[in-house]
Amino acid sequence: MPFWYGTITRLPFIYFVVHMRFELKLDWLPIGFYVGAFQAARALTNIFAIILTPMTAHIGGTLIGLAGNIVVLSADTSAKVPFLVGTIIVGFSE
């Protein structure tokens with residue numbers, strides 16, 4: 001289980017940075033802001049786990065993350081906005 005958790009959570013995050021830099025041709029500063037937004041989504045899910053029940057935060061984060069994956073997978077690979085927004089939304093599932 002720990003291997004698959006690491007794979008599932010680390011690979012999309014690494015791909016996020018690589019895709020922004022080499023495919024979307026973004027500079028490092030905006031990449032930093034987008035990575036920060038991704039991490040903020042993760043932090044919000046953890047805050048929800050404290051305020052609500054952990055199970056509620058887990059289910060809600062998973063459903064929101066699924067929606068982010070659907071946005072990314074259904075969009076054109078060269079479109080910036082769906083890729084960035086969808087991937088940031090995936091952060092809620094971590």
Side-chain angles (χ1 to χ4, degrees):
M1 182 72 170
F3 172 77
W4 291 115
Y5 177 77
T7 302
I8 290 168
T9 59
R10 285 358 174 257
L11 285 179
F13 186 71
I14 293 167
Y15 174 74
F16 186 42
V17 173
V18 169
H19 188 73
M20 284 189 291
R21 183 66 180 161
F22 297 109
E23 294 297 322
L24 300 179
K25 308 289 189 223
L26 295 178
D27 290 328
W28 288 113
L29 184 62
I31 290 173
F33 288 133
Y34 294 128
V35 167
F38 182 89
Q39 295 296 342
R42 293 180 68 194
L44 280 173
T45 303
N46 290 327
I47 291 169
F48 292 149
I50 295 169
I51 296 170
L52 307 170
T53 64
M55 182 63 75
T56 304
H58 176 71
I59 292 170
T62 300
L63 292 174
I64 294 170
L66 177 63
N69 279 310
I70 290 170
V71 168
V72 171
L73 292 173
S74 64
D76 180 18
T77 57
S78 63
K80 286 183 186 180
V81 174
F83 174 76
L84 295 172
V85 171
T87 306
I88 290 168
I89 291 173
V90 169
F92 284 100
S93 65
E94 291 192 18

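Throughout, residue positions are numbered sequentially from 1 according to the sequence presented.
Residue pairs satisfying the salt bridge (Lys or Arg N to Asp or Glu O under 4.0 Å) criterion with at least one member in residues 49-74, sequence neighbours excluded, are absent. Sorted by first and then second residue, the pairs that involve residues 58-85 and meet ring pair (Phe, Tyr, Trp, His ring centres under 6.0 Å), not counting sequence neighbours, are F16-F83, H19-F83.
Taken together through direct or relayed side-chain contacts under 4.5 Å among Ile, Leu, Val, Met, Phe, Trp and Tyr, L63 and V71 form parts of separate hydrophobic clusters. Linking Ile, Leu, Val, Met, Phe, Trp and Tyr residues whenever their side-chain heavy atoms come within less than 4.5 Å places Y15 and M20 in a single cluster. Note on V81: it clusters hydrophobically with I89, by side-chain heavy-atom contacts below 4.5 Å among ILVMFWY residues. I88 and V72 fall within a single hydrophobic cluster, where Ile, Leu, Val, Met, Phe, Trp and Tyr side chains are chained together by heavy-atom contacts under 4.5 Å.
Counting side-chain heavy-atom gaps under 4.5 Å among Ile, Leu, Val, Met, Phe, Trp and Tyr, the cluster of I70 also holds L66.
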Show your reasoning for whether side-chain contact (heavy atoms from CB on, under 4.5 Å) applies to K80 and L26. CA-CA 10 Å; K80 286 183 186 180; L26 295 178; 3.9 Å; yes
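Closest heavy-atom contact between S93 and T62: CB-CA, 4.2 Å. In this structure, V90 and G68 approach most closely via the heavy-atom pair CG2-C, 3.8 Å.
Under the rule for a side-chain contact (heavy atoms from CB on, under 4.5 Å), P54 has no partner lying at least two apart in sequence or in another chain. For D27, the side chain to side chain donor-acceptor pair (under 3.5 Å) criterion is met by no residue, not counting sequence neighbours.
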Identify all side-chain donor-acceptor contacts of residues 30-44 below 3.5 Å with residues at least two apart in sequence or on another chain.
| unit_1 | atom_1 | unit_2 | atom_2 | d |
| --- | --- | --- | --- | --- |
| Q39 | OE1 | R42 | NH1 | 3.2 |
| R42 | NE | E94 | OE1 | 3.3 |

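Rounded to the nearest 0.5 angstrom, S74 OG and N69 CG are separated by 10.5 Å.
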